[in-house]
Amino acid sequence: NAGVTQTPKFRVLKTGQSMTLLCAQDMNHEYMYWYRQDPGMGLRLIHYSVGEGTTAKGEVPDGYNVSRLKKQNFLLGLESAAPSQTSVYFCASRNYRGTMNTEAFFGQGTRLTVV
Amino acid sequence: EDKVVQSPLSLVVHEGDTVTLNCSYEVTNFRSLLWYKQEKKAPTFLFMLTSSGIEKKSGRLSSILDKKELFSILNITATQTGDSAVYLCAVSGSSGDKLTFGTGTRLAVRP
């Protein structure tokens, strides 16, 4: 059972470079989320998706873009990386059970450093 | 804007102590409240609460929700060093099905 898989696990970028983080889930979940976690800040929502082809902004969307072309994949892009985007990024997914959402399942995280 | 506030921010106890972690929230059309434990990597799921007054229990951990007063508590009895972690609370409402997290409570259990 793979669950939620994030790639890469670690990355160092220079300021101004671009990159894409990939999140893949094999649980056929409708909802997918991208969070960033900084010391003392908990998990802050960047963007999320409630289904294939849909995306929405979260709490801290500036500097990021996302795409959900396939149900199982949710991509997070940084067009021009800045040191303020140094963080640990988590992807999560969840689904419905009856009329209720299920718990969210998390990937193992991507540690990104922008120098 | 959904909001989750956890207290205390950090806590140091000795093995065998009982701890209570607090989570208060503001959310439009509340659906569920979730507790997670985070050690070094990804958060792992503990409980999901949807109904007021019904306790969820797993071993030494238990949690209860008060929808009238908009808060939840997570209790850990007979703490062990393996309980050392950050405990995260999250809420889900109907405003786009976001899952909003608090900043977490960092628990340290000393031998």
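Computation of the quantities below employed the complete heavy-atom set of this structure, encompassing side-chain atoms and omitting hydrogens, waters and symmetry-equivalent molecules. To find a chain, count down the sequence lines: A is the first, B the second, and so on, and within it residues start at 1. Fair warning: this is a prediction, and the values are worked out from it, not measured in the lab.
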**Q.** Side chain, backbone, both or neither of A:Leu43 within contact of chain B (heavy atoms, under 4.5 Å)
**A.** both
(Q) Would you say NZ of A:Lys57 has more than 12 non-hydrogen atoms from neighbouring residues, nucleotides or ligands within 6.0 angstrom? (A) no
Q. Mind checking whether B:Ile73 and B:Phe101 sit in one hydrophobic cluster, side chains of I, L, V, M, F, W, Y counted as touching below 4.5 Å?
A. no
(Q) Looking at A:Ala104, is its backbone amide N or carbonyl O close enough to the side chain of B:Tyr36 to form a donor-acceptor pair, meaning the two atoms are under 3.5 Å apart? (A) yes
Q | Closest non-hydrogen atom pair between A:Gly107 and B:Ala42, with its separation | A | O-CB, 3.0 Å
Q) Quick one: what part of B:Gln6 sits under 4.5 Å from any heavy atom of chain A, side chain, backbone, both or neither? A) neither
Q: May I ask whether B:Leu11 and B:Ile76 are part of the same hydrophobic cluster, defined by side-chain heavy atoms of I, L, V, M, F, W, Y residues being less than 4.5 angstrom apart, directly or through others?
A: yes
**Q.** B:Ser32 vs A:Glu103, side chain to side chain contact (heavy atoms under 4.5 Å, CB included): CA-CA, chis, key distance, verdict
**A.** CA-CA 9 Å; B:Ser32 58; A:Glu103 67 270 27; over 6 Å; no
Q. Which of residues 102-111 of chain B get closer than 4.5 angstrom to chain A, counting heavy atoms alone?
A. B:Gly102, B:Thr103
Q) How about B:Phe45 and A:Arg94: do any of their side-chain heavy atoms sit closer than 4.5 Å? A) no
(Q) Apply the hydrophobic cluster definition, ILVMFWY joined by side-chain contacts under 4.5 Å directly or through others, and give me every member besides A:Leu112. (A) A:Leu13, A:Met19, A:Leu21, A:Met32, A:Trp34, A:Ile46, A:Val60, A:Tyr64, A:Val66, A:Phe74, A:Leu76, A:Leu78, A:Tyr89, A:Val114
Q | Neighbour count >12 (heavy atoms, 6.0 Å) for atom CD, A:Glu52 | A | yes
Q | Part of B:Leu99 within contact of chain A (heavy atom distance under 4.5 Å) | A | both
Q: Kindly indicate, with the supporting measurements, whether the criterion side chain to side chain contact (heavy atoms under 4.5 Å, CB included) is fulfilled by B:Lys98 and A:Glu59.
A: CA-CA 10 Å; B:Lys98 293 184 290 185; A:Glu59 184 185 354; over 6 Å; no
(Q) Test of understanding: clusters of I, L, V, M, F, W, Y form through side-chain heavy atoms closer than 4.5 Å, transitively. Do B:Leu70 and B:Leu65 belong to the same one? (A) yes
Q: Scan for salt bridge (charged side-chain N to carboxylate O under 4.0 Å, His left out) pairs involving residues 11-23 of chain A, sequence neighbours excluded, and state none if there are none.
A: none
Q.
Using the rule that Ile, Leu, Val, Met, Phe, Trp and Tyr join whenever any side-chain heavy atoms are under 4.5 Å apart, tell me whether B:Phe71 and B:Leu88 fall into a single cluster.
A. no
Q.
Would you say NZ of B:Lys3 has more than 12 non-hydrogen atoms from neighbouring residues, nucleotides or ligands within 6.0 angstrom?
A. no
**Q.** Residues clustering with B:Leu9 (ILVMFWY side chains joined when closer than 4.5 Å, directly or via others)
**A.** none
Q) In Å, rounded to the nearest 0.5 Å, how long is the span from OG1 of B:Thr44 to CZ of A:Phe105? A) 11.5 Å
